[in-house]
Structures are given as C-alpha cells and as structure tokens.
Protein chains: 2
Amino acid sequence: MAQQLEPHRALGEKFESWMQFDFDATRCPVRNLLDHIGDRWSILILSALAGGPKRFSALARAVPDISKRMLTQTLRRLQSDGFIDRDVQPTVPPQVTYSLTPLGKSLAAPLLTLIDWAETNFASVVEARQKMAEAA
Amino acid sequence: MAQQLEPHRALGEKFESWMQFDFDATRCPVRNLLDHIGDRWSILILSALAGGPKRFSALARAVPDISKRMLTQTLRRLQSDGFIDRDVQPTVPPQVTYSLTPLGKSLAAPLLTLIDWAETNFASVVEARQKMAEAA
DNA sequence: CGGGATCCACCTCGATACTG
DNA sequence: CAGTATCGAGGTGGATCCCG
C-alpha cells in the first residue's frame, strides 16, 4: 500500500516508453484532490463559504455566472466529499444553509492563499501575457 | 476600472434575479487564473517544474498519464501565459528544457501549499468520504 | 527527441421547463 | 426558495499517424 503516491515529483527511471504501466490517479493524493475540486466552480464555492455559512441563493449571487444546475451539483459533490454541511430548515419557503466542515475549513486555507496570489499578481499576469503576445 | 473585481466574496444586494448583469469572468483575477491553470494538468506541470528545469520527456514521466498532445498543449499555454520558459537546443536529437519564470515560481508557491495539504490530509479526506457514503 | 495534424468519442455544462 | 429533469451543443482530450 502507498506504493506509488508521488510519481510526479519523483522522476523515475522505471518508465521507459509512453504510459505503459498501471498508474491510478485516484490513489495519488494530489490527483485525487484535483479531480474533486479542480473544476471551474468548487474552489469558488469553498472560498465563498470561507466567509461564513451561506444560503443557496447567496452562493448564487457570490458566483454570478453559475447556473442553478451546476451550483446544486457542485454543492452535492462537496458535501459528499465531506467539505461542506447542508442544513435544511423545513419552513415555507424552505431555507437551506451551507457551511464548511472542519475539513472544509482546513482546505479553504491553502485555497485562500492561492486566491490572494491571484488578486495581488493579476496585473503582473496580464502584463506578462501581453509581452508574450507581442513577441509573436 | 476595477469596478467589479470580487463579486464572489462581497455578496451584493445589487443582484436581484438570476444572472442578468454583465459579469465578465476574465476581469476577475481569481476567475481569470482559474480559467488558465484550473484544468487537469497545469497545476501538475507547474509543481513538477518547481523542482527545477525539466525536459519534455522528464515531464511526461513526472505526469505519467498525460498524453503528448496534452503535455504540449499545456506547456504552450503556460508559456504564453508567462509562467514558463522554453529553451530549445538545436542538437540532434533536439533537447527542449522547460523552466519556471519568476512569475511562475511565484505562482508555484501557493500551489505547493495546496499540494502539501492534499498529501497530509489525504487520509482524512478518504475517511470523510467513507462516512458520507455510509450515511446513505 | 519533441513535437504537429487529424479524427472522433465522450461528457461536461448551459438552457429551458417544471416542482414541492 | 431551492431545487429536479431532460435535451443538446461544444469543447476537452485520447488515439493514431507523421515529421525534422
């Protein structure tokens, strides 16, 4: 067990040709995480919830261009992964509040680090892209 | 300028119905970054290069289940985004070495933080998922 | 060795309509 | 308010073959 957990940093000499071995991405922690929250919406939802519990409609406003379909789907996924809690108040109309679990909060920390990077370095990124475009 | 840069954390009261305003994801730093490196491979490539410059075939070994097509495509993208440099030695056979630019290195830092999280919390994640599955 | 070009299967995702 | 159901376009990405 735990035999092949980090092939992408330990460059092996055991692989000779193109991709002929049984690499299982689901057993690699990084790949596994990325396969679950590496889509377009999960990180956004998690970071929105990092500010505190929010209702379905509040999340929809926080991520303006997400559809109800994708919001629901993403929330279900994050819930089944143990990152968020879903609290339903059976009132009329119903109120459903989502919040981070302890595990979710722990994940949100490095995510917010990444978000901070994006915000503070956005100008540099745009500038770099323009320079690369000019060099064409 | 910079008028609507972070709608997903500042929950506004200015949005009343479903998605009828001109939100441009490319102008949001977080969305912009995610749209560029939020695919299945970019983060893996960047983290592989964080360990130092590597050649094409070395990267292919580092990310075992990527195809040449996707590796090339991802590298081109990261290059045109200013995250990596491409150095071609016109020998026979050719040697092409990729390395992080300063901007790429700066991005790699928060990425490695995330990767660390994945590796140290993998067991907890698996455990959480099993508990959620049982509760079905 | 390090690609490029082409073809095509999947499958994610948005749009739309309906519901308790 | 907070979803579910269905349909269909589009884009991602794998497979394969070729090249300097």
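So you know, we letter chains A, B, ... as the sequences are listed, proteins then strands, and number each from 1.
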Pairwise N/O distances under 3.5 Å, protein to nucleotides 10-13 of chain D:
unit_1, atom_1, unit_2, atom_2, d
D:dG13, N7, B:R69, NH1, 3.3
D:dG13, N7, B:R69, NH2, 3.4

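Residues A:E119 and B:P29 share a closest heavy-atom pair of CA-CB, 4.0 Å. The heavy-atom pair separating B:A108 from B:L100 by the smallest distance is CB-CD1, 3.9 Å. Nearest heavy atom pair, residue A:Y98 against residue A:R86, reads OH-NE, 3.2 Å. When all heavy atoms of A:L59 and A:L75 are compared, the closest pair comes out as CD1-CD2, 3.8 Å. Between B:W41 and B:D65, the shortest heavy-atom contact is CH2-O, 3.5 Å. The heavy-atom pair separating A:G82 from B:A128 by the smallest distance is CA-CB, 4.3 Å.
Note on A:S57: a side-chain N or O is less than 4.0 Å away from OP1 or OP2 of D:dA2.
Side-chain contact annotation: A:R129 with B:H36, donor-acceptor N/O pair under 3.5 Å present. Neither side chain, B:Q73 nor B:R77, offers a donor N or O lying under 3.5 Å from an acceptor on the other.
Between the CG atom of A:L71 and the C1' atom of D:dG3 there is a distance of 10 Å, given to the nearest Å. The interatomic distance linking B:K68 (NZ) with D:dC19 (C1') rounds to 11 Å, in whole Å. What separates NZ of B:K54 from C1' of C:dC1 is a distance of 18 Å, to the nearest Å. Protein atom OH of A:Y98 is 14 Å distant from nucleotide atom P of D:dC1, rounded to whole Å. Following rounding to the nearest Å, A:F56 (CZ) and D:dA2 (P) show an atom-to-atom distance of 7 Å. D:dC1 atom C1' lies 11 Å from atom CZ of A:R61, rounded to whole Å.
Nearest-nucleotide positions on DNA chain D place A:P93 closer to the 5' end than the other of A:P93 and A:T72.
Applying a 4.0 Å cut-off to non-hydrogen atoms, the residues of residues 74-88 of chain B that approach DNA chain C are B:R76, B:R86, listed by residue number.
Under the rule for a side chain to side chain donor-acceptor pair (under 3.5 Å), B:T101 has no partner lying at least two apart in sequence or in another chain.
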